[in-house]
Number of protein chains: 2
Amino acid sequence: MRQTSPMTERDFTRTCSEGYQVNLMARLFARALQAQIKPLGLSTGTFPVLLALWEREGQTQRELVTELGVEQATMANTLSRMERDGLITRRAHEADARVQTVWLTERAKGLEQAATAAAGEVNDRAMAGLTEQERQTFAALLSRVIGNLSDH
Amino acid sequence: MRQTSPMTERDFTRTCSEGYQVNLMARLFARALQAQIKPLGLSTGTFPVLLALWEREGQTQRELVTELGVEQATMANTLSRMERDGLITRRAHEADARVQTVWLTERAKGLEQAATAAAGEVNDRAMAGLTEQERQTFAALLSRVIGNLSDH
DNA sequence: TCCACTTATATAGCTTGCTATCTAATATTG
DNA sequence: CAATATTAGATAGCAAGCTATATAAGTGGA
C-alpha cells in the first residue's frame, strides 16, 4: 500500500509538520505584535503597508500588492480600513484615471518610530536565547523556504 | 534621539523583520496546503483538528483548544463548520452536561491517508533543497521561537 | 441548602486573508 | 477607428483568527 520505503518516509504528526509549526508560530507573532501596537491604534494588517509607505510614499495599490505579496482584494480592503482610520489618503494619478496613489497622514508619519520599535521588541523576544549566528541561520532558512513556496 | 548604540542596533526593514517573513511564509504554506486539500473537500482550518482527532477521537472542545493553541471561540466556529460539512459529529458527555465529545464521520476517517500525504507534499516542497541536517535545524529553531513566544 | 465561583460552550462583532467577479479606463491590433 | 485585450480597483462572500461577553452546568463553602 505504502508507496515509499519505510526507511525514507517521514512520519506525519502534527507537531513535526513544518506547516503546522509555521502556522502556530505566525499566530503567536501576530498576537504579540497586536498587543504591542494596539496602544498606538494600529493593527497587524496595516503594519506591512505602513512599513512600505514609510519607505516610499505615493505608491499605487498595485505596487503595494506586488511588494507585500497579498492579493489585490486583500489590499483594497486593508487600504479602505486605513483610510477610515485616518492613516492614509488617496490621490488620483495625474496620467491614468484608473490609478490612485496612497499617501500617509501626519498621524501615520508620526507613528513610525514607536511602531518599528514595538515590532523590533517582538522580534527580539521571539529570537531570545538565539546567538547572532543562529538568528542569521533562521533568517536565511526563512528566505529559502519562502523562495521554495513562491515559485509558481 | 536614538536610545541604543548604532553598533548594536538592528535596522528595521520589512524584509529583515522575522515577524514579517514568518507571516509571509505562513500565508504561502496556507495557500499551498489549501490548493492540495481543496480537491478532498478540506480547508486549512479544519486540518489541525482532523490531525488531532485521527490521533485520538472523542476529545472535548476544551481538549482540542489546549492541544492546538487556538482560542476557544475559534475552535467553536471551526467545529461548527466541520459539523456542517459532515466531517464530525458531537455526542453528549455521559457525566457532564456541559461537555460534548467530538467524533469523526466515516468520510473524515477515510480522508486520513490522502490528507496527510497532501500535507507531506507541501512540507517537502517547502523544504526542497535543504539537507536533512538543515531541515532539522529549521524544526529546532521553530520550536525555540514558539517556546519564546508562548511563555506568558 | 443556597450563593458564589468556575468551567464548557456559544455568540456577536471585528480583522485579515482568500477566490471570483464586476466596472471603468487604457492599450493593442486588424 | 472600432473591436478586443489588459489593467486598476472595488465588491461580494467565505474562512479562520481574535476579543469580549453570555448562558448553562457543575463545585464548594458558609
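Within every chain, numbering begins at 1; the chains are lettered A, B, ... in the order of the sequence lines, protein sequences first and strands thereafter.
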Anti versus syn assignment for dA5(D), with syn defined as within 90° of 0: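 Syn conformation here, the glycosidic angle of dA5(D) being no more than 90° from 0.
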Whole Å only: how far is the [atom1] atom of [X] from the [atom2] atom of [N]?
| X | N | atom1 | atom2 | result |
| --- | --- | --- | --- | --- |
| Leu42(A) | dT15(C) | CG | P | 13 Å |
| Ile88(A) | dG9(D) | CD1 | P | 12 Å |
| His93(A) | dT7(D) | NE2 | C1' | 13 Å |
| Phe47(A) | dT15(C) | CZ | P | 18 Å |
| Glu83(A) | dT15(C) | CD | P | 15 Å |
| Gln100(B) | dG26(D) | CD | P | 13 Å |
| Ile37(B) | dC18(C) | CD1 | P | 16 Å |

Partner residues of Arg81(B) under the side chain to side chain donor-acceptor pair (under 3.5 Å) criterion, sequence neighbours left out: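 So Arg81(B) forms a side chain to side chain donor-acceptor pair (under 3.5 Å) with Thr78(B).
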Under the side chain to side chain donor-acceptor pair (under 3.5 Å) test, residues paired with Lys38(B) that sit two or more places apart: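 Partners of Lys38(B) by the side chain to side chain donor-acceptor pair (under 3.5 Å) criterion come out as none, since no residue qualifies.
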Pairing partner of dT4(D) (Watson-Crick or G-U wobble, both distances under 3.5 Å):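 Matched dT4(D) with dA27(C) under the 3.5 Å cut-off.
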Any-strand Watson-Crick or G-U partner of dT11(D), both distances under 3.5 Å: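 Partner of dT11(D): dA20(C).
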Where at least one partner belongs to residues 87-99 of chain A, residue pairs that pass salt bridge (Lys or Arg N to Asp or Glu O under 4.0 Å), sequence neighbours excluded: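 Matches after skipping sequence neighbours: Glu83(A)-Arg90(A), Asp96(A)-Arg98(A).
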N-O pairing of Asp85(B) and Arg107(B) below 4.0 Å: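 No salt bridge links Asp85(B) with Arg107(B).
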Salt bridge present between Lys109(A) and Glu106(A) (N-O < 4.0 angstrom):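 Salt bridge between Lys109(A) and Glu106(A), a charged N being under 4.0 Å from a carboxylate O: yes.
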Determine all donor-acceptor pairs shorter than 3.5 Å in which one atom belongs to a side chain in residues 47-55 of chain B; sequence neighbours excluded.
residue	atom	partner	partner atom	Å
Trp54(B)	NE1	Ala108(B)	O	3.0

Please list, for nucleotides 22-27 of chain C, all pairs of protein and nucleotide N/O atoms separated by less than 3.5 Å.
residue	atom	partner	partner atom	Å
dT26(C)	OP1	Ala97(A)	N	3.0

Within residues 56-67 of chain B: residues closer than 4.0 Å to DNA chain D (heavy atoms):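 Here the set is empty: none.
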Could you tell me which residues satisfy side chain to side chain contact (heavy atoms under 4.5 Å, CB included) with [X], sequence neighbours excluded, listed by chain and number?
| X | answer |
| --- | --- |
| Gln21(A) | Leu24(A), Leu142(B), Ser143(B), Ile146(B) |
| Thr137(B) | Thr137(A), Leu141(A), Gln133(B), Leu141(B) |
| Ala140(A) | none |
| Ala92(B) | none |

Base-contact (B) and sugar-phosphate-only (S) positions in nucleotides 12-23 of chain D, heavy-atom cut-off under 4.0 Å, - elsewhere: ---SBSBBB---
Donor-acceptor pairs are to be reported for all side-chain atoms of residues 28-36 of chain B against protein atoms at under 3.5 Å, with residues two or more places apart or in another chain.
residue	atom	partner	partner atom	Å
Arg31(B)	NH2	Gly69(A)	O	2.8

